[in-house]
Protein chains: 2
Amino acid sequence: MADLNYTTPPNRPATAENPAGRPDDPIWDLIELLFFAYRDFVSDPDDALAKFAFGRAHHRVLHFVNRNPGMKVADLLVILKITKQSLGRVLKQLVDQGYIVQKEGANDRRQRLLYATPKGEALAMKLAGLQTARISRALSELGPAAHEQARRFLIAMIDTDGRDGVLQSIARADQARKPKP
Amino acid sequence: MADLNYTTPPNRPATAENPAGRPDDPIWDLIELLFFAYRDFVSDPDDALAKFAFGRAHHRVLHFVNRNPGMKVADLLVILKITKQSLGRVLKQLVDQGYIVQKEGANDRRQRLLYATPKGEALAMKLAGLQTARISRALSELGPAAHEQARRFLIAMIDTDGRDGVLQSIARADQARKPKP
DNA sequence: AATTTATGTCAATATGGCTGACCTAAATTA
DNA sequence: TAATTTAGGTCAGCCATATTGACATAAATT
């Protein structure tokens, strides 16, 4: 912990494109920081899951089902951008071991709506807690505006055509959650 | 594109811990936005790599070798946090197909120092360009401080004990690059 | 009645990880 | 110098997660 002359961005500020028409220099710092930040971000749940013989795939499924109770299988496939065969294996394990239940749709009886069981919710919340601890620690090192700044940056990084769906999904899930009275 | 009441964070501001000692509510928005942002961030190179019959693993190796010419195999293993057997397979393909060369260390002749060939550098720069395009687009939607804000947030998300190494690695690689005269 | 949709399943394949064992050559140390 | 450690490579097998393609069933829609 000594030499720290690396606190200012080494690249010139990013523009859409240089005046010369030549492509911008790569934004090395953010490219690499995204890699390292995400690597560590997922490592916390990964380690915890290892004790359950579950993996990252199970985490993702359990997370979104817990956040969106009653979601359809098809919705999950769109969010995760995987095939139903890939989902099938993981989902089956979660169902067999009592973390997720499937209920017939009331309107459309072909649907298998997905719900986290209490056991599943507990695990999902535990994993979310690990990730929240890391985010909280990070935000606490920064100013009070950091949450909103991070939020805006991450939103802007999402495909423009997928953005609305993501934001609506987050907003919907938030609303559906019982606010503590 | 209509209803947008989701532009403000739905969670209360994150604190290290609540006064009550009860764990914080999960920071759902950043947890999910990190997932979606990273998913799309890696999708650009993934798509491009598919044409070469290369995958994400090749990208990571080529990226770091290109950024750190002459790096040791052992360094790469530490950065990627994988085993040498895992590295071996992808590295061999990159070497066989002429994207990376290995040179005997001058001081220590056991070392196989890694360098991107011109062909390898071209591919690495192409992939970095794709990622830079996404980042540039994102930053251009935000204020001029956004780059620095994103940088700080991502740094804070990294494991505290790994942080210095990451930052030094980035700084070192930047310095080693020839500044255009 | 015919078709489409939601979901599930079987089979084969690819990728990218892992562990464990073992090897060579070169550097370091006793 | 002899013994040990280090840097790197390799073989073999296993596991998790993803893919494509084909096919099956039941319920909704036309």
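Every chain is numbered from 1 and lettered A, B, ... according to where its sequence line falls, protein lines coming before strand lines.
- In this structure, CD of B:Gln111 is placed 11 Å from P of D:dG9, rounded to the nearest angstrom.
- Distance B:Asp46 CG to D:dT19 P: 12 Å, rounded to the nearest Å.
- Between B:Leu87 atom CG and C:dT15 atom P the separation is 17 Å, expressed in whole Å.
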Sort me out a list of protein N/O and nucleotides 24-27 of chain D N/O pairs below 3.5 Å, or just none if empty.
residue : atom : partner  : partner atom : Å
D:dA27  : OP1  : A:Arg109 : NH2          : 3.0

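- Atom NZ of A:Lys72 is separated from atom P of C:dT5 by 12 Å (rounded to the nearest Å).
- Counted within 6.0 Å of NZ on B:Lys92, heavy atoms from surrounding residues, nucleotides or ligands total 12 or fewer; the atom is thus considered open.
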Enumerate all atom pairs, one protein N or O and one N or O from nucleotides 15-18 of chain D, separated by less than 3.5 Å.
residue : atom : partner : partner atom : Å
D:dT17  : OP1  : A:Arg56 : N            : 3.3
D:dA18  : OP1  : A:Arg60 : NH2          : 2.3

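- To the nearest angstrom, C1' of D:dG8 lies 13 Å from CG of B:Leu76.
- Closest to the side chain of A:Gln85, from the set D:dT10, C:dT9, C:dT7, is C:dT9.
- Residue B:Val73 is tested with B:Val65, B:Leu113, B:Leu114 for a side chain to side chain contact (heavy atoms under 4.5 Å, CB included); the sole match is B:Leu114.
- Taking atom CG on B:Leu91 and atom P on D:dT10, their separation rounds to 10 Å, with Å as the unit.
- The ring of A:Tyr99 has its center closer than 6.0 angstrom to the ring center of A:Phe54.
- The ring of A:Phe41 has its center no closer than 6.0 angstrom to the ring center of B:Phe153.
- Whole-Å rounding puts the B:Gln102 CD to D:dA7 C1' distance at 12 Å.
- When each of B:Arg56, B:Arg39, B:Arg134 is tested with B:Asp44 by the rule salt bridge (Lys or Arg N to Asp or Glu O under 4.0 Å), just one qualifies, namely B:Arg134.
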